[in-house]
A.B. asks: 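Below is one structure. I have some questions about it.
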Number of protein chains: 2
Amino acid sequence: MKYTGGSVILFGCGTEVAVAQARVSTREVVLAAVGLFTEYGFERTTMDGIATATGVSRRSLFRRFGSKEDILFSEHDELFTTVARYLDASPDDPLTAVHSAARMVFQGYLRDPEITLPRYRLVRAHPRLRDREVAMTARYQSAFSHYLTERSGAGLSLASGVVAASVIAAHNHVLRSWLRDPGEEEEAVWARFDDAMAYVSTAARPLLEPGSGARPGRVLVALYPSDADNDEVLRRIGSALEPDAF
Amino acid sequence: MKYTGGSVILFGCGTEVAVAQARVSTREVVLAAVGLFTEYGFERTTMDGIATATGVSRRSLFRRFGSKEDILFSEHDELFTTVARYLDASPDDPLTAVHSAARMVFQGYLRDPEITLPRYRLVRAHPRLRDREVAMTARYQSAFSHYLTERSGAGLSLASGVVAASVIAAHNHVLRSWLRDPGEEEEAVWARFDDAMAYVSTAARPLLEPGSGARPGRVLVALYPSDADNDEVLRRIGSALEPDAF
DNA sequence: TCCTATCCTGGCACTGAATGCCATGATTCG
DNA sequence: CGAATCATGGCATTCAGTGCCAGGATAGGA
C-alpha cells in the first residue's frame, strides 16, 4: 500500500502524539470541496480554502485533480474510463452493449447522491459548470457512436451517431427527473429508465441492422396502443402505404 | 450610429493628423484573435497580445467578449440568439421549424469558413475549446428539445429530447465531414445535409404525432427498399406482429 | 541493514486570466 | 449649449494554474 506513512500532530492531554496518517483520499477531497462550493459558491471558494479544509496542499490539489472544476467531476472521469473499457470488451450485440453502458452511467449517478445531487445544483447555477457537465455526457455519446460505427460497419456512421444521441437523450431525460426529485423509489426510477431505453432501442435497432443501409428508401414507424387489434394495425399501415400518404 | 468619433494619430510627412476612426468591429477582433491563436497556439496567445494586435485595450476586450474563449465563439452566440428568435416566431409545424433551424445553424458554419475552419482546428487540438464547442451545440439541442416539447405537448418530452438529439447528431455528422473537407461543392454538401435531415425527420415525425403518447405500448419500425411491394411489406409486418416476434 | 532510485508531496515564485474601481472622452437627448 | 449616458482604457487586485526545487516516504537490490 502507498502513502501509509507520514505523521500528524494530535492535540490531546496536553501532549503531542505522532500517529500514522493515511493519504487523504480523492473522495474525501471531493466531498469537502462540494461542501465548500455549496456553502460559499463555486467562484468564492478558493483552492487555498480547499487546501486548508482538507489538509492537502494547494500544489498537490492541482497535481492530483488538474483544476478546480476537475475536483467536482473527478469520479465522472473514472466512470467514463470504466464504461469505455466495458464497451471495448463487450461481447454482446452492439445495441445491447450500449444499452448496458448507459445503464452503468445512470448507476454511477444513483450510486453516489452525496456527490451527484449537490453537483447538479451547482451545475444548474453556474454556466461554466453546466458546460462541463454537458461535455462529459458528450464524451459518452461520442464513445457510444464510435463503438456502434465500429461494430455495425463504417457505412452506418450517421445511424450510429443518431442512435447514440438518442440513447444519451433518453438517459438524460430520466436522469434529470431523478436529479430534480431524488426521493422517488429507486425501483420506480429504474423502471422509467428501462422504459426509456426500450423506447429508443426498439426504434433504433432497425437502423443498425446490416443490409438496411445508411439511407433506406422508405421508413415506416407506427405507434399504437398495446390493446390495439393486430388486424386494425395492419389495416392502418396498409392505408399509410398508399402513394399519397407518404 | 455609434462610435463614429474618436481620433487616431497618423504618422506621415512628419506631421500628426487627427482622422475619424471607426470602432474596431467585433469581426475584426475575432479574425485577428483567430490568426494569433493559429499562429502561436491558444494558450500562448495572451489577451495583451490580442489587445496590441487589434488596438483595443485589454480591459475593453474582456468587457466586450467576456473571456478569451468567448472571442472564438462570439458569433456562435449571435447565431444562437438568431435561431432561438426564429424558432420562437416560427409558424410552421414543429418538426419543420426545427429542421429549418438546424439549416440555419449549418448555414452559419458554411457562411463563414474564415472563422469556422481555423476554429475547428483549434477545437480539435485543445480539449477545453472542444468542450466549449460541444456546449454550444448542446444549447441548440436544448432549445430544439424545449421548443418541440412546448409545441407538441408536455407528454412528449422524452420524444422531443430524442428527436432534438437526433437532429443535432445528423447536423453534426454532415458538419464534421465538411469541416474535414471544406473543398467539396457547396451544392453537394447541402444535398447531404438535406438527406441526413430527411433521414431523421422521416423517422421522427411519427414520434411527435399528437395522440401517440409519450410511451406507446408498442412501437414498430420497418425499413424496406423503395421498390418493395406493398403487399409484401404488409405480410412481413403482419408476421412481426405475432406475439412471439416482439 | 544500508544504499539508491523513484515517487509523492509541499513550498515558492511567476504568468496570465478575470474583475472592480475610476477618470476620461464620445454620443445623445433636452 | 449643458447634462446624462455609455463605452473606453488605465490601474490595482484576486486567484487559477504551472514550473522549479527540495524533503520525505517507499520499494527494490546488494
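Below, chain A is the first sequence line, B the second, and so on; all start at residue 1.
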A.B. asks: Taking the side chain of Ser60(A) as heavy atoms from C-beta outward, which of dA16(D), dG9(D), dT9(C) is closest to it?
C.D. replies: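 Selected nucleotide (nearest to the side chain): dT9(C).
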A.B. asks: Please enumerate all residues that pass side-chain hydrogen bond (donor to acceptor under 3.5 Å, both in side chains) together with Glu28(B), with sequence neighbours excluded.
C.D. replies: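 For Glu28(B) the side-chain hydrogen bond (donor to acceptor under 3.5 Å, both in side chains) partners, ignoring immediate neighbours, are Ser25(B).
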A.B. asks: Separation of Arg64(B) atom CZ from dA18(C) atom P, in whole Å?
C.D. replies: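 Arg64(B) atom CZ is separated from dA18(C) atom P by 16 Å.
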A.B. asks: Name all residues meeting the side-chain contact (heavy atoms from CB on, under 4.5 Å) criterion together with Ala102(B); count only those two or more places apart in sequence or in a different chain, and write none if there are none.
C.D. replies: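 Scan of Ala102(B) (side-chain contact (heavy atoms from CB on, under 4.5 Å), adjacent residues dropped) gives Phe144(B), Val167(B), Phe193(B), Met197(B).
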A.B. asks: Record whether the side chain of Arg23(A) comes under 3.5 Å of the base of dA25(D) through a donor-acceptor pair of N or O atoms.
C.D. replies: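 Between dA25(D) and Arg23(A), which were checked side chain against base, a qualifying N/O pair under 3.5 Å is absent.
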A.B. asks: Between dG10(D), dT19(C), dG10(C), which one does the side chain of Arg128(A) approach most closely?
C.D. replies: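 From the listed options, dT19(C) comes nearest.
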A.B. asks: Show which side-chain atoms of residues 50-59 of chain B pair as donor or acceptor with protein atoms under 3.5 Å away, not counting sequence neighbours.
C.D. replies:
{"from": "Thr52(B)", "atom 1": "OG1", "to": "Asp48(B)", "atom 2": "O", "distance (Å)": "3.3"}
{"from": "Thr52(B)", "atom 1": "OG1", "to": "Gly49(B)", "atom 2": "O", "distance (Å)": "3.0"}
{"from": "Thr54(B)", "atom 1": "OG1", "to": "Ile50(B)", "atom 2": "O", "distance (Å)": "2.7"}
{"from": "Thr54(B)", "atom 1": "OG1", "to": "Ala51(B)", "atom 2": "O", "distance (Å)": "3.4"}
{"from": "Thr54(B)", "atom 1": "OG1", "to": "Val56(B)", "atom 2": "N", "distance (Å)": "3.3"}
{"from": "Ser57(B)", "atom 1": "OG", "to": "Ser60(B)", "atom 2": "N", "distance (Å)": "3.1"}
{"from": "Ser57(B)", "atom 1": "OG", "to": "Ser60(B)", "atom 2": "OG", "distance (Å)": "3.2"}

A.B. asks: Once salt bridge (Lys or Arg N to Asp or Glu O under 4.0 Å) is applied, do any residues pair with Asp88(A), and if so which ones, sequence neighbours excluded?
C.D. replies: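 So Asp88(A) forms no salt bridge (Lys or Arg N to Asp or Glu O under 4.0 Å) with any residue.
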A.B. asks: Can you confirm whether more than 12 heavy atoms, excluding those of Glu43(A), are under 6.0 Å from its CD atom?
C.D. replies: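 Enclosed: over 12 neighbouring heavy atoms sit under 6.0 Å from CD of Glu43(A).
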A.B. asks: Holding to salt bridge (Lys or Arg N to Asp or Glu O under 4.0 Å), I want the full list of residues that pass it with Glu184(A), two or more places apart in sequence or in another chain.
C.D. replies: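 Once residues adjacent in sequence are excluded, the partners of Glu184(A) under the salt bridge (Lys or Arg N to Asp or Glu O under 4.0 Å) criterion are Arg192(A).
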A.B. asks: Using the closest heavy atom to pick a nucleotide of DNA chain C for each, name whichever of Arg58(A) or Leu61(A) lands nearer the 5' end.
C.D. replies: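 That would be Leu61(A).
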A.B. asks: Does anything in residues 161-174 of chain B form a side-chain hydrogen bond (donor to acceptor under 3.5 Å, both in side chains)? List the pairs, not counting sequence neighbours.
C.D. replies: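 side-chain hydrogen bond (donor to acceptor under 3.5 Å, both in side chains) check on residues 161-174 of chain B returns Ser166(A)-Ser166(B).
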A.B. asks: Heavy-atom contacts under 4.0 Å between residues 31-46 of chain B and DNA chain C, which residues?
C.D. replies: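 Hits under 4.0 Å, by residue number: Thr45(B), Thr46(B).
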A.B. asks: Counting side-chain heavy atoms from C-beta on, which of dA16(D), dA18(C), dG10(C) comes nearest to Lys68(B)?
C.D. replies: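 Per side-chain heavy atoms of Lys68(B), the pick is dA18(C).
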A.B. asks: Assign each of Val56(B) and Phe62(A) to its nearest nucleotide of DNA chain D by heavy atoms, then name whichever residue's nucleotide is nearer the 5' end.
C.D. replies: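 Going by which nucleotide is closer to the 5' end, it is Val56(B).
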A.B. asks: Going by the rule side-chain contact (heavy atoms from CB on, under 4.5 Å), which residues pair with Leu31(A) if we only count those two or more places apart in sequence or in a different chain?
C.D. replies: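 Checked Leu31(A) against side-chain contact (heavy atoms from CB on, under 4.5 Å); matches are Arg27(A), Glu114(A), Ile115(A).
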A.B. asks: Without decimals, in angstroms, what is the distance between Met47(B) CE and dG9(D) C1'?
C.D. replies: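 Rounded to the whole Å, the gap is 14 Å.
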A.B. asks: Below 4.0 angstrom, N of the basic side chain to O of the carboxylate: do Arg103(A) and Asp194(A) qualify?
C.D. replies: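 Judged by the 4.0 Å cut-off on N to carboxylate O distance, Arg103(A) and Asp194(A) do form a salt bridge.
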A.B. asks: What does the list of N/O pairs under 3.5 Å between the protein and nucleotides 19-23 of chain D look like, with a distance for each?
C.D. replies:
{"from": "dG19(D)", "atom 1": "N7", "to": "Arg59(A)", "atom 2": "NH2", "distance (Å)": "2.9"}
{"from": "dG19(D)", "atom 1": "O6", "to": "Arg59(A)", "atom 2": "NE", "distance (Å)": "2.5"}

A.B. asks: Take the protein atom CG of Asp70(B) and the nucleotide atom P of dA17(C), then report the distance between them rounded to whole Å.
C.D. replies: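 Nearest whole value for this atom pair: 13 Å.
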